[in-house]
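Read the structure below first, then the notes.
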Amino acid sequence: MRSTMPDFPLTLQHFLWRATTLFPTKEIVTRRESSRHRYTYAQFGQRVAQLAHALKELGVGAGDRVGTLAWNNYRHLELYFAVPGAGAVLHTLNPRLFPEHLQYVINDAEDKVIFVDASILPALQRIADDIKGVKHFVVMTDGPSPDGQLKPMLSYEDLLSGRPTSYPWPQIDERDAAAMCYTSGTTGKPKGVVYSHRSSVLHSFGIAIGGGIGLQESDSILPIVPMFHANAWGLPYAATMLGAKQVFADRFLDPVSLTELIRDEAVTFSAGVPSVWIPLLQHLDKTGTDLHGLRMFVGGSALSAGLYDGLTRHGIDTNQGWGMTETSPVAAVATIKSAMKDTDPKAIRLKQGLPLAGVELRLADVDSGRPVAWDGKSVGEIQVRGPWVTAGYYRGVDADRFTADGWLRTGDVANVDSEGYAQIVDRTKDLVKSGGEWISSVELESAIMGHPKVLEAAVIGVPHPKWTERPVAYVVAKPEFKGALTQEEILEYLRPLVAKWWLPDEVRFIDEIPKTSVGKFDKKVIREQARQAPAIVRPSE
Ligand code: ADP
């Protein structure tokens with residue numbers, strides 16, 4: 001028997017309609033150099049319509065890719081809705097990519113138009129000769145459009161000016177592409193993931209509900225995670241869907257600017273990778289600023305005990321989620337089951353969490369692929385599937401990342417406890433293989449970062465003649481302890497926390513851990529540094 005329900009298309013156009021119709025006076029605020037830009041959803045909707053008219057005039061048709069090279073700001077949000085709403089595909093570009101990667105993804109996606117923030121223009125100028133397929137460049141600036149090699153160069157504001165403030169949005173098949181994003185290349189050449197309207201809508205539902213991240217119309221939402229990093233984890237779409245106030249920090253990510261923005265705009269929810277919260281926490285410690293009541297969502301890399309404790313000390317309700325570009329990206333969140341309300345929340349939130357409603361997760365033996373028990377100890381690779389988990393990469397590359405029965409092989413090694421909480425132990429390629437056993441670099445890093453004098457720590461495996469590999473820790477001391485922290489202090493601190501054979505063979509003190517384009521520890525670079533200056537490997541007994 002068929003239902004009486006229609007296949008009413010799940011498209012992002014609905015979110016735009018809902019926010020502008022039901023919440024026309026709610027605000028969208030963007031930090032600028034010396035002021036803030038603010039307008040309402042009603043004004044936002046009018047500009048989105050003007051932008052859709054402009055796209056049409058530029059010759060952007062259904063399925064055409066439109067690149068954006070921009071920070072988190074209101075113009076970027078306008079593109080988030082005008083491009084997919086008009087039936088084209090939003091391709092968010094990461095300005096921190098190496099020029100050869102940036103050029104590669106623009107050409108691979110065949111971007112027809114690129115919208116670029118004036119402050120990022122130089123990144124594009126550098127590769128001007130190698131992206132000949134792009135027909136138009138549009139600069140997003142308040143002033144006149146700057147001159148450069150990129151032709152034709154248009155101004156965003158000129159493009160919108162005088163156009164009609166409503167648009168006859170076309171009917172779209174929910175399965176059509178709405179946006180695309182490339183993996184940041186931490187593990188090789190960037191690979192394209194293409195999101196549909198349907199997957200983006202369902203992901204928004206999945207993260208907004210109580211058992212997901214839990215977002216409300218009454219929230220004031222500040223995504224620190226860049227809008228080029230997996231759609232800012234879906235927050236701009238979910239926030240618009242709800243009609244929540246949205247706050248954007250643009251490129252002003254220093255702790256002083258962020259705390260100011262959070263306090264002034266009464267931000268209730270923010271999200272980002274640990275490397276943005278570490279300096280913020282330092283700032284809070286130093287100034288005693290009170291951010292009581294703020295909910296903070298950490299993802300992209302593991303939330304360490306030290307960071308959790310620190311943020312909690314300042315009254316910040318800290319939670320963690322796990323996901324990948326391939327999973328839209330949020331696939332699991334460390335929500336606390338009602339039956340576990342008496343458990344120490346920290347024990348739960350330091351895990352990567354329960355799969356969201358809509359996502360199925362299984363644990364498979366890394367070598368044999370056989371199911372691994374959910375006992376909180378046995379480890380295997382996380383495999384996932386669901387309506388917002390990609391079933392392949394753009395152009396069909398790397399098909400072996402998907403199992404024959406349609407699950408994504410995430411490359412993340414984890415255990416899952418009997419309640420269903422996954423705890424990531426490592427990425428397959430980051431595990432340290434010592435004497436036939438695995439050492440979790442993530443766990444070691446988290447333990448080291450719990451030391452009161454440590455700011456950041458990354459652990460890699462270095463080749464060892466007897467044990468195959470041994471862990472070496474790269475540690476950044478807090479500024480006030482620079483030069484006053486020793487290897488022995490770190491090892492002493494670790495001894496009661498980890499097995500003896502897990503103790504790093506060497507602790508190297510450096511000024512800063514190299515980061516990837518999305519702010520994660522860049523172990524590729526650290527390994528290269530280690531190769532050039534081999535660590536002194538102790539003959540571990
Ligand atoms: P890239 O793969 O280029 O780093 P992604 O942002 O897609 O770009 O990274 C996804 C990966 O980030 C996951 O496979 C996982 O290894 C890591 N990750 C994401 N969230 C967490 C988390 N909460 N804890 C530990 N690792 C995480």
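- Among residues two or more places apart in sequence or in another chain, the side chain to side chain contact (heavy atoms under 4.5 Å, CB included) test is passed with R18 by H14, L22, F23.
- In this structure, the side chain of N231 does not engage the main chain of W233 through any donor-acceptor pair within 3.5 Å.
- Salt bridge K377/D417: absent, no basic N to carboxylate O contact under 4.0 Å.
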Item to complete: Please lay out, stage by stage, how H91 and T68 fare under the test side-chain hydrogen bond (donor to acceptor under 3.5 Å, both in side chains).
Response: CA-CA 6 Å; H91 176 200; T68 62; over 6 Å; no

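- In this structure, S517 and L97 approach most closely via the heavy-atom pair OG-CD2, 4.0 Å.
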Discussion item. I'd like to know whether L503 forms a side-chain contact (heavy atoms from CB on, under 4.5 Å) with R495, so could you lay out the CA-CA distance, the side-chain angles of the two residues, the decisive distance to 0.1 Å, and finally the verdict.
Written reply: CA-CA 7 Å; L503 289 178; R495 270 187 195 104; 3.8 Å; yes

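- Contact of the R527 side chain with the V462 side chain is not registered, since no non-hydrogen atoms from C-beta on lie closer than 4.5 Å.
- The structure places CG of L12 at 6.5 Å from OG of S204, a figure rounded to the nearest 0.5 Å.
- Side chain of H464 to main chain of W467: a donor-acceptor pair is present (N/O by atom type, distance under 3.5 Å, no hydrogens or angles).
- Side-chain contact check for V247 versus I221: every heavy-atom pair is 4.5 Å or farther apart.
- A salt bridge does not link E419 with K351: every distance from a Lys NZ or Arg NE/NH1/NH2 to an Asp or Glu carboxylate oxygen is 4.0 Å or more.
- How far CZ of F402 is from CD of Q383: 11.5 Å, rounded to the nearest 0.5 Å.
- Proximity of a side-chain donor or acceptor of N72 to a complementary backbone N or O of M227 within less than 3.5 Å is detected.
- The closest side-chain donor-acceptor pair between S441 and D426 falls under 3.5 angstrom.
- For F15 and Y237, the distance between ring centers is not under 6.0 angstrom.
- The closest side-chain heavy-atom distance from V518 to V273 is not below 4.5 Å.
- Ion pairing between a basic and an acidic side chain is recognised when a charged N comes within 4.0 Å of a carboxylate O; R295 and D219 show such pairing.
- Atom CD1 of I262 and atom CE of M296 lie 5.5 Å apart (nearest 0.5 Å).
- In this structure, A271 and L235 approach most closely via the heavy-atom pair CB-CD1, 3.6 Å.
- Counting only distance, with no hydrogens or angles, the side chain of T410 and the backbone of I382 share a donor-acceptor pair below 3.5 Å.
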Practice prompt. Apply side-chain hydrogen bond (donor to acceptor under 3.5 Å, both in side chains) to E174 and S196, showing your working.
Written response: CA-CA 7 Å; E174 64 176 19; S196 63; over 6 Å; no

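- Going from atom CG of L294 over to atom CG of D317 covers 8.5 Å, rounded to the nearest 0.5 Å.
- With respect to Y474, the side-chain hydrogen bond (donor to acceptor under 3.5 Å, both in side chains) criterion is satisfied by exactly one of Q529, R508, E512: R508.
- With hydrogens and angles disregarded, a donor-acceptor distance shorter than 3.5 Å links the side chain of Q487 to the backbone of V507.
- One finds the CG atom of L93 at 10.0 Å from the CZ atom of F228 (value rounded to the nearest 0.5 Å).
- A donor-acceptor pair under 3.5 Å is formed between the side chain of H203 and the backbone N or O of V330.
- Rounding to the nearest 0.5 angstrom, the gap separating the OG atom in S440 from the CG atom in L431 is 7.0 Å.
- Judged by distance alone, with hydrogens and angles left aside, the side-chain atoms of E381 form no donor-acceptor pair with the main-chain N or O of V366 at under 3.5 Å.
- Counting only distance, with no hydrogens or angles, the side chain of T327 and the backbone of G323 share no donor-acceptor pair below 3.5 Å.
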Discussion item. For a salt bridge (charged side-chain N to carboxylate O under 4.0 Å, His left out) check, start with the C-alpha distance between K478 and E456, then their side-chain angles and the critical distance, and finish with the verdict.
Written reply: CA-CA 8 Å; K478 286 186 181 161; E456 290 179 332; over 6 Å; no

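- Using a 4.0 Å cut-off between charged side-chain N and carboxylate O, K346 and D344 make no salt bridge.
- Few gaps surround NZ on K337; more than 12 heavy atoms of other groups in view lie less than 6.0 Å from it.
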Worksheet entry | Chi angles and distances behind the side-chain contact (heavy atoms from CB on, under 4.5 Å) call for L356, W388 | CA-CA 11 Å; L356 290 183; W388 59 84; 3.9 Å; yes

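- The heavy-atom pair separating A230 from T325 by the smallest distance is CB-CA, 4.3 Å.
- No donor-acceptor contact under 3.5 angstrom links the side chains of R349 and Q320, judged on distance only.
- Checked by atom type and distance alone, the side chain of W322 never pairs as donor or acceptor with a backbone atom of L354 at under 3.5 Å.
- A side-chain donor-acceptor contact under 3.5 Å links E469 to the backbone of K433.
- Ion pairing of D285 with R313 is present here, as a side-chain N (NZ or NE/NH1/NH2) and a carboxylate O approach within less than 4.0 Å.
- Between I424 and V413 the shortest side-chain heavy-atom distance does not fall below 4.5 Å.
- Taking the six-membered ring for Trp and thresholds of 30 and 60 degrees, Y493 and H451 have ring planes more than 60 degrees apart, a perpendicular arrangement.
- The shortest distance between side-chain heavy atoms of Q282 and P479 falls below 4.5 Å.
- Under a cut-off of 6.0 angstrom, the local environment of CG in D7 is sparse, with at most 12 non-hydrogen atoms contributed by other residues, nucleotides or ligands.
- Between K286 and E480 no salt bridge is recorded (no basic side-chain N to carboxylate O distance below 4.0 Å).
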Worksheet item: Could you walk me through whether K482 and D511 pass the salt bridge (charged side-chain N to carboxylate O under 4.0 Å, His left out) check?
Response: CA-CA 9 Å; K482 221 165 155 189; D511 288 339; 3.4 Å; yes

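- Cation-pi geometry between K191 and Y393 is met: the NZ or CZ atom falls under 6.0 Å from the ring centre, inside 45° of the normal.
- Y104 and Y182 have perpendicular rings, their planes meeting at more than 60° on a 0 to 90° scale where under 30° would count as parallel.
- Contact between L202 and P387 at its shortest, heavy atoms only, is CD1-CB, 3.8 Å.
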Practice prompt. Assess whether side-chain contact (heavy atoms from CB on, under 4.5 Å) is satisfied between L408 and R385, documenting all intermediate values.
Written response: CA-CA 6 Å; L408 168 70; R385 67 176 181 187; over 6 Å; no

List, one per line, each side-chain donor-acceptor pair under 3.5 Å for residues 442-449, sequence neighbours excluded.
from: E445; atom 1: OE2; to: V459; atom 2: N; distance (Å): 2.9
from: E445; atom 1: OE2; to: K523; atom 2: NZ; distance (Å): 2.6
from: S446; atom 1: OG; to: V442; atom 2: O; distance (Å): 3.2

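- A side-chain N or O of S434 and one of R470 form a donor-acceptor pair less than 3.5 Å apart.
- In plain terms, the two heavy atoms of M340 and Y421 that are nearest each other are SD-CE1, 3.5 Å.
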Practice prompt. Decide salt bridge (charged side-chain N to carboxylate O under 4.0 Å, His left out) for D522 and K524; before the verdict, give the C-alpha distance in whole Å, the side-chain angles of both, and the deciding distance to 0.1 Å.
Written response: CA-CA 5 Å; D522 197 337; K524 240 185 345 198; 5.9 Å; no

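- Taking both residues in full, the closest heavy atoms of T428 and G411 are given as OG1-O, 2.6 Å, listed atom of the first, atom of the second, then distance.
- Side-chain contact annotation: D309 with T312, donor-acceptor N/O pair under 3.5 Å absent.
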